[in-house]
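One structure is given below, encoded as structure tokens.
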2 protein chains.
Amino acid sequence: MAFLRIFLLFSLLSLAFSHETFNSHVLPRPLILEYPENVEIQFKEFAEELRLQCTSWRFAAETNNLSPWKTIPQECVDYVKDYMMGRAYSIDVERVSKEAGVFAKSVELSGDGKDAWVFDVDETLLSNLPYYAEHGYGLEIFYPVEFDKWVEKARAPAIQPSLKLYEEILGLGFKVFLLTGRSERQRGVTVENLNNAGFQNWDKLILRASDDHAKLATIYKSEKRNEMVEEGYRILGNSGDQWSDLLGSSPSVRSFKLPNPMYYIP
Amino acid sequence: MAFLRIFLLFSLLSLAFSHETFNSHVLPRPLILEYPENVEIQFKEFAEELRLQCTSWRFAAETNNLSPWKTIPQECVDYVKDYMMGRAYSIDVERVSKEAGVFAKSVELSGDGKDAWVFDVDETLLSNLPYYAEHGYGLEIFYPVEFDKWVEKARAPAIQPSLKLYEEILGLGFKVFLLTGRSERQRGVTVENLNNAGFQNWDKLILRASDDHAKLATIYKSEKRNEMVEEGYRILGNSGDQWSDLLGSSPSVRSFKLPNPMYYIP
């Protein structure tokens, strides 16, 4: 039902166009003069409807209302591209980091070195936007072999507001755990990439061991957080772009969901 | 920092206006002719910036990234009003209900009468929009005495897509629990309002008893879900407009977050 209206509008639009193309020479002049305005209004309505529908889809994706999805809706490719490349995404990540920073400063640390903050890596500290820009902003089905080639380059830039938050968190005296779905085999390039992008002095970088590969991200990350809690850490903050970074057992006191309308990891 | 740019633009705008007001009679004609276009562009930029900032605020609110907030940002009143009264809110609630319905149909029920779906009441089944439209769409600080007078009228309309989902869920054979932050004293009017709006045949309507009033909603609702689980129910779905409806202990297999940019209940 959701996109029915769009297709209806689209059909109307093609109807308007086909009229102009085939019949304009037989129509009386005044009607020809009226067409462009009509088409312009329909275009505007179409664009507005698309914006509404894709914003609604993004809301549903970001609030975890959708079943696991593999690709973004075809109709929303331009919307997602504009969102990621324009100011909207930057404004959103800046706001999340600011809110996280305010919370981090409001917490009284115990001073026993057991206050921890967990960060995810991809689309949280590092941006793979250069890769996704080359692969339809999430329209293409995820192809691990291709993505791993990109990871091997260790060239993902920092998400700047996340780097600022990261340094604030370290400065406040939190222990920083990086908990990523990347494979243990990628430890070298991941460290290299993180360092290149300006990230240093984390306490532990946790990657998927061979037993972890079959597990859903939510399970794998919950298990790793459970281990932290068993070691006596208090997980006060957790920053991630996926709900599978944030939900599950041993949750943090406050979780911060970074935006990511390009892919979903269950 | 978030609204600094808006105020900067706003200052620019007033500057442009003040120029026109005070100096237009001394400026040479061509300059006067150029002003309206300039002002129009600045207006458009201002409106676009406001839309970006308020959409970003709504994203942060809906993903639970903000600290508990008491009122919506002053700058976003018109944005929230347009969102709630226009098609955007309707599209969003329709999508949530549709996704929930798809999930509900995909579940194989055990047939022992222990498969349960939890619904919140306010802004999930019933809409208090007529009340909030009279109180600044969340700009006014919540005033319980005034709100209770509205509740006593039992005139909150159904959120139509939620009513449709509710009936689907019942039809599929789920046990339906209504879990609301409303007080036990309001049981009579709540039942009356729900019936008037078309809701019937729930299994249990749970309201706050006197011991529950001091508890945070997250705690109170978690305790009530714990009781359901202790009684042998499997909570498969949970629909609510607040994260305090959905997070905490005994969570549902799938949670559905309805939109609500007007108020926040921790």
Side-chain angles (χ1 to χ4, degrees), chain A residues 1-6 48-49 51-69 82-83 86-103 105-106 161 164 237 239-241 243 246-249 251 254-261 266, chain B residues 1-3 5-6 48-49 51-69 82-83 86-103 105-106 161 164 218 237 239-241 243 246-249 251 254-261 266:
Chain A
M1 272 304 286
F3 288 99
L4 201 72
R5 290 179 66 102
I6 296 178
E48 179 59 21
E49 180 67 24
R51 196 178 62 77
L52 260 173
Q53 294 290 352
C54 294
T55 305
S56 171
W57 173 81
R58 182 163 70 90
F59 163 81
E62 294 292 7
T63 51
N64 209 21
N65 282 337
L66 305 177
S67 299
W69 47 278
D82 290 350
Y83 171 77
R87 288 189 53 238
Y89 175 69
S90 307
I91 291 175
D92 282 350
V93 286
E94 219 163 274
R95 193 183 297 264
V96 184
S97 292
K98 205 194 100 197
E99 292 294 332
V102 168
F103 168 69
K105 280 188 216 92
S106 78
K164 195 168 159 254
S239 299
D241 66 296
W243 282 104
L246 310 174
L247 297 177
S249 51
R254 280 280 303 271
S255 287
F256 297 91
K257 169 73 179 73
L258 281 88
N260 185 356
Chain B
M1 271 304 286
F3 289 100
R5 291 179 63 104
I6 295 179
E48 180 58 21
E49 180 67 24
R51 197 178 62 75
L52 262 174
Q53 293 290 351
C54 293
T55 305
S56 171
W57 173 80
R58 184 163 69 89
F59 164 80
E62 294 292 8
T63 50
N64 210 19
N65 282 337
L66 304 177
S67 299
W69 47 278
D82 289 351
Y83 171 77
R87 287 188 55 238
Y89 175 69
S90 306
I91 291 174
D92 282 350
V93 287
E94 219 164 275
R95 193 183 297 263
V96 185
S97 292
K98 204 194 101 197
E99 292 293 333
V102 169
F103 168 69
K105 279 187 218 91
S106 78
K164 194 169 159 255
T218 317
S239 300
D241 65 295
W243 282 104
L246 309 174
L247 297 176
S249 52
R254 280 280 302 272
S255 288
F256 297 91
K257 169 73 178 75
L258 281 88
N260 184 357

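All heavy atoms count here, side chains included; hydrogens, waters and symmetry mates do not. In what follows, chains carry the letters A, B, and so on, assigned in the order in which the sequence lines appear, proteins first and then strands, with residues in each chain numbered from 1.
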Original post:
If you take all heavy atoms of B:Thr63 and A:Glu62, which pair is closest and at what distance?
Top reply: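 That closest heavy-atom pairing would be CG2-O, 3.5 Å.
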Is it the backbone or the side chain of [X] that comes under 4.5 Å from a heavy atom of chain A, or both, or neither?
{"X": "B:Asn64", "result": "backbone"}
{"X": "B:Ser106", "result": "neither"}
{"X": "B:Pro251", "result": "neither"}
{"X": "B:Leu246", "result": "neither"}

Interatomic distance, [X] atom [atom1] to [Y] atom [atom2] [nearest 0.5 angstrom]:
{"X": "B:Phe103", "Y": "A:Leu66", "atom1": "CZ", "atom2": "CG", "answer": "13.5 Å"}
{"X": "B:Ser56", "Y": "A:Glu94", "atom1": "OG", "atom2": "CD", "answer": "9.0 Å"}
{"X": "B:Ile91", "Y": "A:Trp57", "atom1": "CD1", "atom2": "CH2", "answer": "15.5 Å"}

Original post:
Is a side-chain donor or acceptor of A:Asn65 paired with a backbone partner of B:Lys257 at a separation under 3.5 angstrom?
Top reply: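 Answer holds: yes.
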Subject >> Exam field: side chain B:Arg87 to backbone A:Glu49, donor-acceptor pair closer than 3.5 Å >> reply: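 Side chain of B:Arg87 to backbone of A:Glu49, a donor-acceptor pair under 3.5 Å: no, none is there.
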Subject >> Student check: side-chain heavy atoms of B:Arg95 and A:Phe59 closer than 4.5 Å >> reply: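 Contact flag for B:Arg95/A:Phe59 side chains = no.
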Original post:
Taking the side chain as C-beta and beyond, is there a heavy-atom pair between A:Arg58 and B:Thr55 under 4.5 Å?
Top reply: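 Sidechains of B:Thr55 and A:Arg58: in contact.
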Original post:
Pick from B:Ala88, B:Ser67, B:Gly86, B:Ala60: which one has the most heavy-atom pairs with chain A under 4.5 Å?
Top reply: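 Heavy-atom pairs under 4.5 Å are most numerous for B:Ser67.
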Subject >> Selection from A:Leu247, A:Leu52, A:Leu258, A:Val102 maximising heavy-atom pairs under 4.5 Å formed with chain B >> reply: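 Ranked by contacts with chain B, first place is A:Leu52.
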